Number of protein chains: 2
Amino acid sequence: MKRKITLKQIAKELDVSVSTVSKALSGSKEISEDTTQKIQAFAKLYNYRPNNIALSLKNRKTKTIGILIPEIVHHFFSTVIRGIERVANRRGYNVIVGLSNESFTKEVINMELLAGGSIDGFILSISKETLLKQDYHHFNATIDQGMPIVMFDRVVAEVDCDKVIVDDMKGAVKAVKKLIENDCKNIALITTMDYVSVGRLRTQGYLQALQENEIEAEPNLILKIDDSLDVENHLEILENEIETFFRMNKNIDGVFAVNELYAVTAMKVARKLGLNIPDDIQVIGFTDGVLSKHATPSLTTVSQHGQKIGEQSANLLIDRLEAEDAEQDSYIVNTDRKKDFIKMVIETEIIERESTKSKIYLEE
Amino acid sequence: MKRKITLKQIAKELDVSVSTVSKALSGSKEISEDTTQKIQAFAKLYNYRPNNIALSLKNRKTKTIGILIPEIVHHFFSTVIRGIERVANRRGYNVIVGLSNESFTKEVINMELLAGGSIDGFILSISKETLLKQDYHHFNATIDQGMPIVMFDRVVAEVDCDKVIVDDMKGAVKAVKKLIENDCKNIALITTMDYVSVGRLRTQGYLQALQENEIEAEPNLILKIDDSLDVENHLEILENEIETFFRMNKNIDGVFAVNELYAVTAMKVARKLGLNIPDDIQVIGFTDGVLSKHATPSLTTVSQHGQKIGEQSANLLIDRLEAEDAEQDSYIVNTDRKKDFIKMVIETEIIERESTKSKIYLEE
DNA sequence: TGTCAACACGAAAACGTTTTCGCTAGGAAT
DNA sequence: ATTCCTAGCGAAAACGTTTTCGTGTTGACA
């Protein structure tokens, strides 16, 4: 197999020194035009590409950022990656992706692997298992070794770093308020067990919206799904749970679900029970993915703007990386830097579609 | 900012040589137990992690593979990545992802960037623009520099490398045959313009299935959508096209669509026109994604097994990488190696759901 | 003719490893 | 007492760059 051509080989071939080749290729004024031309031509001919690895070793930076997410077959995380990739590329960085599959062990292993020099910083979202264990030593160890981290969506107070989050609670409040405005009297909540922070926050938002409108929360109207099992492959279980839930609470006229899947499944079950959407029952979901857009009827959702989250995360990380660079040139060292971490909140937005009643006629 | 601790620093601190530290940490028998213990304890205390970059430079391999895909917010590509990541991790490799966004330029730039030493090999799927331009020099240049490539799904004969493809044509044949068996007399095809190979192949499959059953293909029953525009954001256009298509061909009783989106949109339109699925019209799509599973009625699809494609691709690539290693130790050099590239075909499978009639009663 | 600047280039260090080889000291064997 | 082996460690090269600091050869100028 052919090896990539190196400076040394070019140097030997053209009978000059490595330094000369390096300078010629970077267009240094030090080298005569003759030599420069000759070297550049030769390099082009042999398709020379500098070895990033060697550069990384020298510069102590790799110009790549590591992403660590729980799952990639997931619309929200995909859009976040796309956002990260956008600004990373624009700012001259590459992106390397690790998957934890919601497992604590895989998260730790992946971090150790990537932290071992391959990347300059992390952008990550914590796995469910880690949230359950509440063991965050690997994050703190990485930060201690001077590698900055930005967390998004699933964050945790125990780790000191920049964070980008969705205003889950506010988003839920907005959604439920919309249902209330649309004359729903008995609003159900379909949520998960609360060990993942986002589920808890959205539940809180639901409760708060009710409280603000002086509606008493009815425990019967809250359905908690155990999402530790792989829902995608146990769709019937989910459907059955929702069906009995609906049967036991025939008065439900509005549903707020903490994710797309629960929402469209709720719609499916409702229709199976002969209910019309949105006339008999209105539904709002969370996460604006493909399901919401293409379901029939299309689903009104709380959009989290995943791409924006990714973009902001990347900007935060790269800003910090480049601030570090500047710091080395500067005499003033801000020892308090560790304390001014940023927590950025991305506003949610309600995308109105067919699963809720349009109130346009009221606004005339 | 704290820098990562290096062998040299440990050596200085413990007043031994760098070599000793290196050997002690790798558990070499050469070093006395005393020293080994002391060094290992110190290393653990300071959380020493070897610098992969330095290792990569020395070993001339990075143990990471580069993925280059047109789009990440796409169920099929996500599952492929998951598959790649699975076997890569199992076999000790990392995964770095680049996105071309269907753009030729971004594809070239990304390849140059990654090929510059960051990775040992590529797994990629060609962007639409590249397929249109038919300019494949960047692939061949990369291969010439000794970096192996595996292409999946969107492949091209002009590049000599391992390939993993879906039997698109056969899958389409199966789907259409199923419609024929289910007594459909006028089967429509909703497809794309054919510059992307997969669209063409699926169209061919449609035609072949008809021919094999001695049904004459009716040009009116083929709808070609211009997918150069971003369909996700021009949903109404798609719906309108399909609606007029249906209105002009009221005899349609079966639809084969080359992707999920077209299929569910067709179902949506059909229902809007008062048609019942699957009684009046049966629908089969391609690609088994979330839409198919959660649409109402759920969609019968041709599954491509994206994860399997990813796993096979990764295995092919890593096999080749490790064969290269072995080659260097061997005296026999197979100069014909370049010619025995593998083209692996992943079988499709029809997932039957509610959008086609069940024929169980016939099989009794 | 001697001095000096400018020009064109080379040598070497540095980044963090691993690995090969060599060296020293001590004990065993002769 | 001399030789030899071996355990335990260090020196140095190598991977591919960039960059700093020489160094030698011009030519011009005094």
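Just so you know, these numbers come straight off a predicted model, no measurement behind them. Lettering of chains follows the sequences in order, A, B, ..., and the numbering in each one begins at 1.
- Here the shortest heavy-atom pairing between A/Gln9 and A/Lys4 reads NE2-O, 3.9 Å.
- Contact check, B/Tyr48 against C/dG16: no side-chain N or O comes under 4.0 Å of OP1 or OP2.
- Proximity of A/Glu322 to A/Arg91: side-chain heavy atoms (C-beta onward) are separated by under 4.5 Å at one or more points.
- The number of heavy atoms from other shown groups lying within 6.0 Å of NZ (A/Lys106) is above 12.
- B/Lys133 and B/Glu107 are not joined by a salt bridge, as no carboxylate oxygen comes within less than 4.0 angstrom of a charged side-chain nitrogen.
- Taking atom CG of residue B/Leu14 and atom P of nucleotide D/dG8, one finds them 17 Å apart after rounding to whole Å.
- The closest side-chain heavy-atom distance from A/Leu321 to A/Tyr93 is below 4.5 Å.
- If you take NZ of B/Lys8 and C1' of C/dT18, they are 15 Å apart, rounded to a whole angstrom.
- Rounded to whole Å, the distance from CG on A/Leu7 to P on C/dA14 is 20 Å.
- Of the candidates D/dT18, D/dG16, C/dG16, the closest approach to any side-chain atom of B/Lys58 belongs to C/dG16.
- A/Ile72 contributes atom CD1, which lies 5.5 Å from atom CG of A/Leu99 (distance to the nearest 0.5 angstrom).
- Across the protein-nucleic acid pair, B/Leu57 atom CG and C/dT17 atom P stand 12 Å apart, rounded to whole Å.
- Residue B/Lys63 contributes atom NZ, which lies 16 Å from atom C1' of C/dT18 at whole-angstrom precision.
- A/Asp135 is linked by a side chain to side chain donor-acceptor pair (under 3.5 Å) to A/His137, counting only residues two or more places apart in sequence or in another chain.
- Proximity of residues 20-34 of chain A to DNA chain C (heavy atom under 4.0 angstrom from any strand atom) is restricted to A/Thr20, A/Lys23, A/Glu30, A/Ile31, A/Ser32.
- The side chain of A/Ser19 lies closest to C/dA12 when the candidates are C/dG16, C/dA12, D/dT18.
- Contact annotation: the side chain of B/Asn94 approaches that of A/Asn110 to within less than 4.5 Å [non-hydrogen atoms, C-beta and beyond].
- Rounding to whole angstrom units, CG of residue A/Asn51 and P of D/dT18 are separated by 10 Å.
- Taking every heavy atom of residues 108-120 of chain A and every atom of DNA chain D, no pair lies under 4.0 Å.
- In terms of modelled atom types and a separation under 3.5 Å, the side chain of A/Thr36 and the main chain of A/Ser32 share a donor-acceptor contact.
- Listed pair A/Thr35 / C/dC9 meets the phosphate criterion, a side-chain N or O lying under 4.0 Å from OP1 or OP2.
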